[in-house]
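These notes concern the structure reproduced below.
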Amino acid sequence: MDKCRNFAENLEAVRKIKNVSMAEFSEELNIPKSTLRDVLKDGNASLHTALHIAGQLDIPLSALTGEAIPAKELDPLRTLLTCFQWFASLDGERQAAVAAHIRAILEALRK
């Protein structure tokens with residue numbers, strides 16, 4: 001049953017990282033909100049539903065049923081995702097400038 005519990009916890013972690021409501025997440029997964037609620041409750045899902053969810057997220061099912069993502073790790077992951085989204089929204093010239101600054105910072109830290 002640990003894999004079921006991990007499935008529920010990791011799926012909830014993905015929802016929190018994406019910072020979306022249950023309704024938005026069920027829509028993204030293309031499953032009814034009631035099904036999502038049931039899966040998040042105890043991780044119990046048919047193989048078909050579990051594979052469908054993993055496919056919609058483009059995450060291997062084994063990653064969702066593996067070790068649970070500790071709650072204390074969610075905030076840094078959410079922040080990192082926000083940074084990636086911000087970076088992706090920049091035009092190519094600004095992305096290059098930001099990348100150059102990051103490289104300079106990393107080089108300074110190596111010294």
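Fair warning: this is a prediction, and the values are worked out from it, not measured in the lab.
- Only one option out of Met22, Lys41, Glu12 pairs with Leu36 in a side chain to side chain contact (heavy atoms under 4.5 Å, CB included); it is Met22.
- The CZ atom of Phe7 sits 6.0 Å away from atom CG of Leu61, with the distance rounded to the nearest 0.5 Å.
- One distance of note links CG of Asn30 with NE2 of His52; it measures 4.5 Å at 0.5 Å rounding.
- Shortest non-hydrogen contact noted between Arg15 and Val20 is NH1-O, 2.7 Å.
- With sequence neighbours excluded, no residue forms a side chain to side chain contact (heavy atoms under 4.5 Å, CB included) with Asp58.
- Taking every heavy atom of both residues into account, Ala50 and Ala45 meet most closely at N-CB, 4.4 Å.
- Atoms NE2 and CD1, on His48 and Ile53 in that order, are 10.5 Å from each other to the nearest 0.5 Å.
- Taking each heavy atom of Arg94 and Leu90 in turn, the nearest pair found is CB-CB, 4.0 Å.
- With sequence neighbours excluded, the residues satisfying side chain to side chain contact (heavy atoms under 4.5 Å, CB included) with Ala8 are Arg5.
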*List the steps, then state whether side-chain contact (heavy atoms from CB on, under 4.5 Å) holds for Leu11 with Leu57.*
CA-CA 10 Å; Leu11 196 56; Leu57 293 172; 3.7 Å; yes
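- Minimum heavy-atom separation, Pro60 to Ala54: C-CB, 4.3 Å.
- By the salt bridge (charged side-chain N to carboxylate O under 4.0 Å, His left out) test, Lys33 pairs with no residue at all, sequence neighbours left out.
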Could you pull out every donor-acceptor pair under 3.5 Å between side chains of residues 97-111 and any protein atom, sequence neighbours left out?
none

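- With hydrogens and angles ignored, the 3.5 Å screen pairs a side-chain donor or acceptor of Asn10 with a backbone N or O of Glu67.
- Not counting sequence neighbours, the partners of Ser21 by the side chain to side chain donor-acceptor pair (under 3.5 Å) test are Glu24.
- Minimum interatomic distance between Leu29 and Gln56 (heavy atoms only, all atoms of both residues): O-CG, 3.2 Å.
- Partners of Ser62 according to the side chain to side chain donor-acceptor pair (under 3.5 Å) rule, which considers only residues two or more places apart in sequence or in another chain, do not exist here.
- Glu28 pairs by the salt bridge (charged side-chain N to carboxylate O under 4.0 Å, His left out) definition with Lys18, not counting sequence neighbours.
- Counting heavy atoms from C-beta outward, Val14 and Phe25 have side chains that approach closer than 4.5 Å.
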